[in-house]
Structure formats: structure tokens, C-alpha cells
J.: 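I have a structure I would like to understand better, so I am pasting it below and will then ask my questions one at a time.
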2 protein chains.
Amino acid sequence: MFSKSCEYAIKAMIFVAQKSDNETRIGVKEIAKGTDAPEHFIAKIMQDLSRRKLIHSVKGPNGGFYMDKQDLMSSIADVVRAIDGDKIYSDCVLGLKACSEKNPCPVHHEYKEVKKNLIKMIEKNTIGEFKEKLDSGKYFLKNN
Amino acid sequence: MFSKSCEYAIKAMIFVAQKSDNETRIGVKEIAKGTDAPEHFIAKIMQDLSRRKLIHSVKGPNGGFYMDKQDLMSSIADVVRAIDGDKIYSDCVLGLKACSEKNPCPVHHEYKEVKKNLIKMIEKNTIGEFKEKLDSGKYFLKNN
DNA sequence: AATAGAGATGTTTTCAAAATCCTGTGAATA
DNA sequence: TATTCACAGGATTTTGAAAACATCTCTATT
């Protein structure tokens with residue numbers, strides 16, 4: 001569905017949202033631990049997210065990543081687009097390059113409905129909302 | 001979404017369904033051409049499908065693959081399970097191994113609905129139905 | 001100005017999926 | 001019964017994403 005990078009990106013966004021409440025910055029090491037991601041790998045992803053303006057970063061001592069009110073309003077879809085591009089929106093389930101509305105593969109129209117659902121779900125939910133879910137204690141990000 | 005192998009498998013099933021009308025057997029080469037797949041690779045996939053009883057095969061001269069009435073009733077889901085296992089049914093969108101109904105990740109419940117849709121779609125449609133779509137001339141399998 | 005913490009960036013290594021290769025086995029036909 | 005056609009299936013190579021590594025740059029603090 002999403003690439004590994006993208007999975008990490010989503011997890012990291014939610015993690016930072018949850019931890020960076022009072023202007024606190026979160027370092028790469030902590031993010032890596034909190035999301036069960038390899039440190040160097042997540043570092044790269046954080047840089048991507050920062051470059052794409054989905055998250056703020058501060059260099060130097062006491063630096064790290066944090067999210068402001070605006071950042072919290074990013075949707076999962078924003079993160080997916082930043083990392084995976086719009087593959088999700090355009091790709092054919094059977095991997096056919098020529099598949100389109102005008103030249104549909106046999107499953108095209110069936111899949112369109114599924115895709116519509118998927119997109120609605122990732123567009124609708126904001127990172128801030130997921131942060132609140134985590135805060136409630138009923139949801140988890142850890143791998144074990 | 002699906003693995004490359006699985007994409008080929010679905011295409012191959014639909015292709016053979018369409019071509020093997022009158023007890024005609026379809027050879028690996030023809031399947032490879034018809035689905036834009038590497039010959040040796042699709043050969044292996046066909047063997048998997050045959051072993052899983054989703055398709056019939058005949059060795060020797062004038063041999064090849066074909067589908068009977070029963071085979072035409074296989075769903076896309078049957079093919080997916082044969083090749084990719086039940087990853088689609090069980091995997092977490094965020095790749096969390098521990099994610100479950102009791103220990104949900106923040107997007108678990110949202111995604112569940114999308115997944116339900118996807119599964120309904122691949123369970124509902126049979127290979128035979130896709131064959132008919134192709135026969136109508138309004139749908140295509142080719143890559144260009 | 002020096003230092004040290006922390007992100008940014010580029011390169012290399014690792015590993016699993018994908019693709020290829022090669023040999024084996026069964027069936028049909030002459 | 002010998003030969004050839006075509007699937008079966010193991011072994012091997014290739015490829016590309018993921019992970020690890022090393023280096024550079026920036027900024028706060030003293």
C-alpha cells in the first residue's frame with residue numbers, strides 16, 4: 001500500500017505531534033525509538049518532511065523537530081504525497097501503465113470505488129486528530 | 001497493493017479465461033506476450049496457480065493451460081491468496097506487527113472500512129465476469 | 001571565537017523480491 | 001520406443017528499496 005518510508009513518515013508525524021506539546025523539540029533518536037525505525041533512515045525521512053514544510057526543525061543544541069498548530073492540520077494524504085508522490089492516486093491495481101478512464105483494465109471501475117474510499121479516509125483525517133487518539137490511551141504506535 | 005507476481009497472476013488468469021474458450025490450451029509463451037510478463041517468470045506463477053488448483057494444465061504436445069467452468073468461478077481474492085497469502089487481510093497500514101482490534105494503531109479503525117471495501121470487491125468478482133468484460137471490447141489488458 | 005549538539009546530505013552496504021537460467025518429468029505422436 | 005513438445009521446479013543472478021555509514025553544515029552557548 002504505502003512504501004516503508006511512508007509508513008515511517010506517518011508514524012513519525014503522529015509521534016512528534018504527540019510529544020512536542022509545549023514547544024518541546026524532539027530529536028531524531030527519540031523519534032527513532034518511538035516509531036521503531038532505524039535512526040539514520042528516519043533522519044532522512046524527517047528531512048524530507050521538513051523540506052516539504054510538513055514539520056518544523058531547529059538545529060543546534062536543544063534543537064529537534066516540532067509541529068505548530070498549522071502542522072497539526074496536515075492530513076495523512078499530505079504525508080503520503082510528500083513521500084510517495086501521487087502513485088496512490090494514479091496507479092492501476094494490475095500495474096498497467098496504459099490503464100485509464102478511457103482505456104480501463106477489467107478491474108479498473110471496480111477498484112475506482114475502493115480507491116475513492118481510501119483517498120477519502122487519508123484526506124479527511126488530520127495528524128492532530130490522531131494525536132488526540134493516542135492521548136486517549138486507546139491507541140498505540142509501538143511494534144510490540 | 002498486490003505484489004508484481006500477483007498482478008501478473010491476475011492478468012494471466014483473465015487472459016487464459018478469455019483465450020481458452022473451446023478446450024483450447026494456452027502456452028506459456030502466449031500468456032507471457034498477452035500479459036506483458038517475462039516468460040520464465042510467468043511460467044513459475046502459472047505453476048503456482050496450477051498447484052493451487054486455480055487453473056488446469058496439460059503437458060506434452062498441444063499442452064498448455066486452460067480453465068474449466070469451475071475455474072472460471074474463482075474470484076480475484078482466490079488468486080491473491082494463492083500468490084500473496086493473506087497479507088491483504090491481516091497487515092496493518094503502518095506496518096505494525098502488534099496492530100490488532102485489541103491493540104489498534106491510530107489509523108486502524110479508519111483503514112478497516114477501506115479494507116472491508118477492498119475485500120468485498122476482490123471476493124465478489126469472478127474471473128469469468130472479467131473475461132466477459134474483455135470480450136465486450138470495452139476493457140483492455142495490454143500495457144500500451 | 002571555539003565548541004558541541006543536532007540536522008542535512010551523499011555514499012555504501014544489505015537483503016528480499018523479481019527475473020532468469022537450467023535441468024527434470026510427463027504426455028502425445030509417429 | 002524414440003523423439004519432441006510443454007509444464008514442473010530447483011538454483012542462480014539481478015535489481016531496487018531499505019538500512020547503515022560517514023561527512024558536512026548550521027546554531028546556541030560559553
J.: Using the test side chain to side chain contact (heavy atoms under 4.5 Å, CB included), find all partners of B/D91 that sit at least two apart in sequence or belong to another chain.
T.: B/K87
J.: Tell me, which pairs form a side chain to side chain donor-acceptor pair (under 3.5 Å) where one or both residues lie in residues 38-51 of chain B, sequence neighbours left out?
T.: B/D48-B/R51
J.: Given a cutoff of under 4.5 Å between side-chain heavy atoms of I, L, V, M, F, W and Y, with clusters grown through shared members, what are the other residues clustered with B/V58?
T.: B/Y66
J.: Take nucleotides 7-22 of chain D nucleotide by nucleotide from the 5' end and write B, S or -, depending on whether a protein heavy atom sits under 4.0 Å from the base, only from the sugar-phosphate, or from neither.
T.: BBB-B------SBBB-
J.: Per the side chain to side chain donor-acceptor pair (under 3.5 Å) rule, what does the pair list look like for residues 1-13 of chain A, sequence neighbours excluded?
T.: A/S3-A/D84
J.: Considering residues at least two apart in sequence or located in another chain, which fulfil the ring-ring contact (aromatic ring centres under 6.0 Å, His included) criterion with A/F2?
T.: none
J.: Which nucleotide span of DNA chain C, 5' end to 3' end, has atoms closer than 4.0 Å to non-hydrogen atoms of chain B?
T.: C/dA18 to C/dA28
J.: Show me the donor-acceptor pairs within less than 3.5 Å that the side chains of residues 70-80 of chain A make with the rest of the protein, sequence neighbours left out.
T.:
from  : atom 1 : to    : atom 2 : distance (Å)
A/D71 : OD2    : A/H56 : ND1    : 2.6
A/D71 : OD2    : A/D68 : N      : 3.2
A/S74 : OG     : A/D71 : O      : 3.1
A/S75 : OG     : A/A77 : N      : 3.3
A/S75 : OG     : A/D78 : N      : 3.2
A/S75 : OG     : A/D78 : OD2    : 3.3
A/D78 : OD1    : A/R81 : NH2    : 2.9
A/D78 : OD2    : A/S75 : N      : 2.9

J.: Mind jotting down which residue pairs meet the salt bridge (Lys or Arg N to Asp or Glu O under 4.0 Å) criterion with at least one end in residues 97-107 of chain B? Sequence neighbours excluded, please.
T.: B/E101-B/K112
